[in-house]
Amino acid sequence: MNREKLKYYSTLVFNGVLNSYSQVYFSNNKMLAILLLAVSFFDLGAGISGLLAILITQWTAILFNFNHELVRDGSYSYNSAMVGVGIGIFYTFNFSLLVLLIISSVLTFFLTIWFYTRLAKSGLPFLSIPFLIVTWLIILGGQNFSALTLQTKSLLTVEKIFPEFFTIANQWVASLPFADLFHLYFRSVGAILFQYNDFAGIIVAIALLFASRITFVLSLYGFMLGFLFYKYMEADFTHLIYSYIGFNFILTAIALGGFFIVASRRSLLLLLFSIPVIALIISSLHGLFTSVGLPLYSLPFNVVVLLILYAINQRVYAAKLIPVKFQHYSPEINHYKYFNYIERYKRETGFHISPPFMGNWTVAQGQSGSLTHKDDYRFAWDFDVRDENNKTFRGNGYELKDYYCYDLPVLAPGMGYVVALIDNVDDNQIGQVDVKNNWGNTLIIKHQDFLYSKLSHLKKGSFKVKVGDWVNAGQVVANCGNSGRSPEPHLHFQIQSAPYVGSKTIRYPLSYYLKSEDKQLFFKTFDFPAEGETISKPNVSALLADAFQLIPGKILTWQSQTKNATETIEWEVFTDSLNQSYIFCRKSKATAYFINNGTLFYFTNYYGKKNTLLHHFYKAAYKVILGAYPDIAIDDPMEITDTLPKPLTFLHDFFAPAFHFLKTGFISKSLNFNSPHNPTSVEIKSECRSQFFEKQIQKQEYTLKIEKEEKLRLTLFCPQANLTAQCENDLF
């Protein structure tokens, strides 16, 4: 094996070992993993057995060419880790145990594969089902194989070597208010790794706190709900004390409160129902399992979590209780990214519909208008063109050619197929109306199933397309006319769910447009122009289009200067398996995902160290309009973790599921264009502002200067960070 392969497999196995421990608590936090590994070695035999079980599982997966990513993230081996620790905690470590460990680890792995593939079809996790099955098999069948010579273990534990640590921990817990509750809590937390003592539980709880505040709060919240339910119902607490099976409350709270479901007030309410169900299952099954010599272990947790997740997945649409679609193995990241996504894209549609014209047009009749936009046809617009005196025509307006909008090009509002076309209706003379051919010459474009746009009152003989043609967004399809029920030239535009002339309208917004008001422009996103408003389709500046045309394979070389250092930093643009584009920084290993939709360039996610050059660029160009529009403000919410220091976000994490008292927003303006039509220089001024209960507590300012001469040059300034960086590259 060459050095590169050795390094690859060593890293693969090392990460897989650590993640196998942290996965037990639904995490991939390395610090948590190291502390859990250390706690498993409180009993030397248990620690060794758990570690060996992971390694056996990993090499089985590698040997049989299973997915290396699932080896790396511990998905294949965390059940084996629990099986190994469980075997090692009860039996003396010897050759017979090693044989059993190999058999049980391989069996656990193949059961993991089976449940992984079967449950994944229903969108469900396999949780700790393989651990339960294998552990029960060992308990029921292991004693029948005398050749294994399993013996009752002789203790070799940290508690025996350093008893004072455990005594101090017990005394400290006993001194706490509600000592009985915390005694059971700490022992239940530790019991997940078969460590039934306060000292282990305290270490695990502290590790959970620093790995995830939401996980820590949920573990306390879930256990308290179970404890209080038992107390209120006057149940037998020996059920909880037996193997400290209350860890089912903890695991269920973490799983449903913030890991598989986005942490929120609704997920906290869900636990008010699910935790008592766990308590009921423990009480009802405890006696039955004890009679056959089997512990319940995590069975209640598996049953309840799978039932609830399955039920949630069967809903007609997701609302309130939101399943985590892309797992970040952190309730905080899951939470912040979801709520930031909702805030940023709350009105965005899957398919973008643009204004079907060039230049400034006025809404002559809006949706639910006073004339013809009524009932089933209320979600439509009539557009015309007006001068500074609000007149639609020049001269006396007696002829069609006097009207500003007459014979102007009409554009496809989005890509799609032409599915219907009428081109046999003459234009009306001014003042006349064709009541027989209501819609006049009409074009219908299919964009998606149940999504069509209709353009009516078009000029006869002006069509540039025919039925069956594919059209691109912004392509000229016809000219504006005065056909049909139209007393003067205008364009009727509506969105509908059926491909027929005369179909009912549906309410669907225009994706991006500029509203002109009092000689100022306002950028509108996914909105509905109102009657009397003058709007236009955003244009794209060649300068900005070139600057942000980041195609895969492009290399960006920056010369960065701060107060302390001058360095050369190289970025490269990639796309991932989901065809998402991102910038990768070779120095910091950070990645910044972005979208360029032709109207806007904006970042969607950042992963990696903060305060890197890429992170500053991410904040400076978080959202940029690609048109030459001075003084138009572009704003967007940001995740608080993008800008605020860790101590503040650490505190905020505790309250995040219930409410947010910290907010971060972005705002930018393009200034100093050296030409209004074809600029070769522009400055983008941007700010990231953070608020504490609506009071501003932090502001970071950026200037991004873009110049195009022989080469295209970007210069980034950040006064707060004493940063100046410049990128001059022919590959832009």
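For Arg265, there are no side-chain hydrogen bond (donor to acceptor under 3.5 Å, both in side chains) partners two or more places apart in sequence or in a different chain. Under the rule for a side chain to side chain contact (heavy atoms under 4.5 Å, CB included), the partners of Phe659 that lie at least two apart in sequence or sit in another chain are Phe655, Phe661, Phe693. Partners of Arg485 under the salt bridge (Lys or Arg N to Asp or Glu O under 4.0 Å) rule, at least two apart in sequence or in another chain, do not exist in this structure. Under the rule for a side-chain hydrogen bond (donor to acceptor under 3.5 Å, both in side chains), the partners of Tyr406 that lie at least two apart in sequence or sit in another chain are Asp427. Thr591 meets the side chain to side chain contact (heavy atoms under 4.5 Å, CB included) test with Tyr582, Phe584, Tyr593, Tyr607; sequence neighbours excluded. Residues meeting the side-chain hydrogen bond (donor to acceptor under 3.5 Å, both in side chains) test with Tyr513, sequence neighbours left out: none. Taking the side-chain hydrogen bond (donor to acceptor under 3.5 Å, both in side chains) definition, one finds that Lys466 meets it with Asp469, sequence neighbours left out.
Ring geometry for His660 versus His335: interplanar angle over 60°, hence perpendicular rather than tilted (30 to 60°).
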Under 3.5 Å, which donor-acceptor pairs do the side chains of residues 662-671 form with other protein atoms, sequence neighbours left out?
residue: Thr664; atom: OG1; partner: Thr643; partner atom: OG1; Å: 3.1
residue: Thr664; atom: OG1; partner: Ser690; partner atom: OG; Å: 3.1
residue: Ser668; atom: OG; partner: Lys623; partner atom: O; Å: 3.3

Under 3.5 Å, which donor-acceptor pairs link side chains of residues 491-508 to any protein atom two or more places apart or in another chain?
residue: His492; atom: ND1; partner: Asp382; partner atom: OD1; Å: 3.1
residue: His492; atom: NE2; partner: Gln494; partner atom: OE1; Å: 2.8
residue: Gln494; atom: NE2; partner: Gln496; partner atom: OE1; Å: 2.7
residue: Gln494; atom: NE2; partner: Ser503; partner atom: O; Å: 3.4
residue: Gln496; atom: NE2; partner: Ala498; partner atom: O; Å: 2.8
residue: Gln496; atom: NE2; partner: Tyr500; partner atom: O; Å: 3.0
residue: Ser503; atom: OG; partner: Tyr500; partner atom: N; Å: 3.3
residue: Ser503; atom: OG; partner: Tyr500; partner atom: O; Å: 2.8
residue: Thr505; atom: OG1; partner: Asp376; partner atom: O; Å: 2.9
residue: Thr505; atom: OG1; partner: Phe379; partner atom: N; Å: 3.1
residue: Arg507; atom: NH1; partner: Gln367; partner atom: OE1; Å: 3.2
residue: Tyr508; atom: OH; partner: Thr349; partner atom: OG1; Å: 3.4
residue: Tyr508; atom: OH; partner: Phe351; partner atom: N; Å: 3.4
residue: Tyr508; atom: OH; partner: Phe351; partner atom: O; Å: 2.6

Just distance, no hydrogens or angles: give the donor-acceptor pairs under 3.5 Å from side chains in residues 516-532, sequence neighbours left out.
residue: Glu517; atom: OE1; partner: Lys515; partner atom: NZ; Å: 3.1
residue: Glu531; atom: OE1; partner: Gly366; partner atom: N; Å: 3.0

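Sorted by first and then second residue, the side chain to side chain donor-acceptor pair (under 3.5 Å) pairs with a member in residues 409-418 form an empty list; sequence neighbours excluded. Pairs engaging residues 627-637 under the side chain to side chain donor-acceptor pair (under 3.5 Å) rule: Arg344-Asp636 [sequence neighbours left out].
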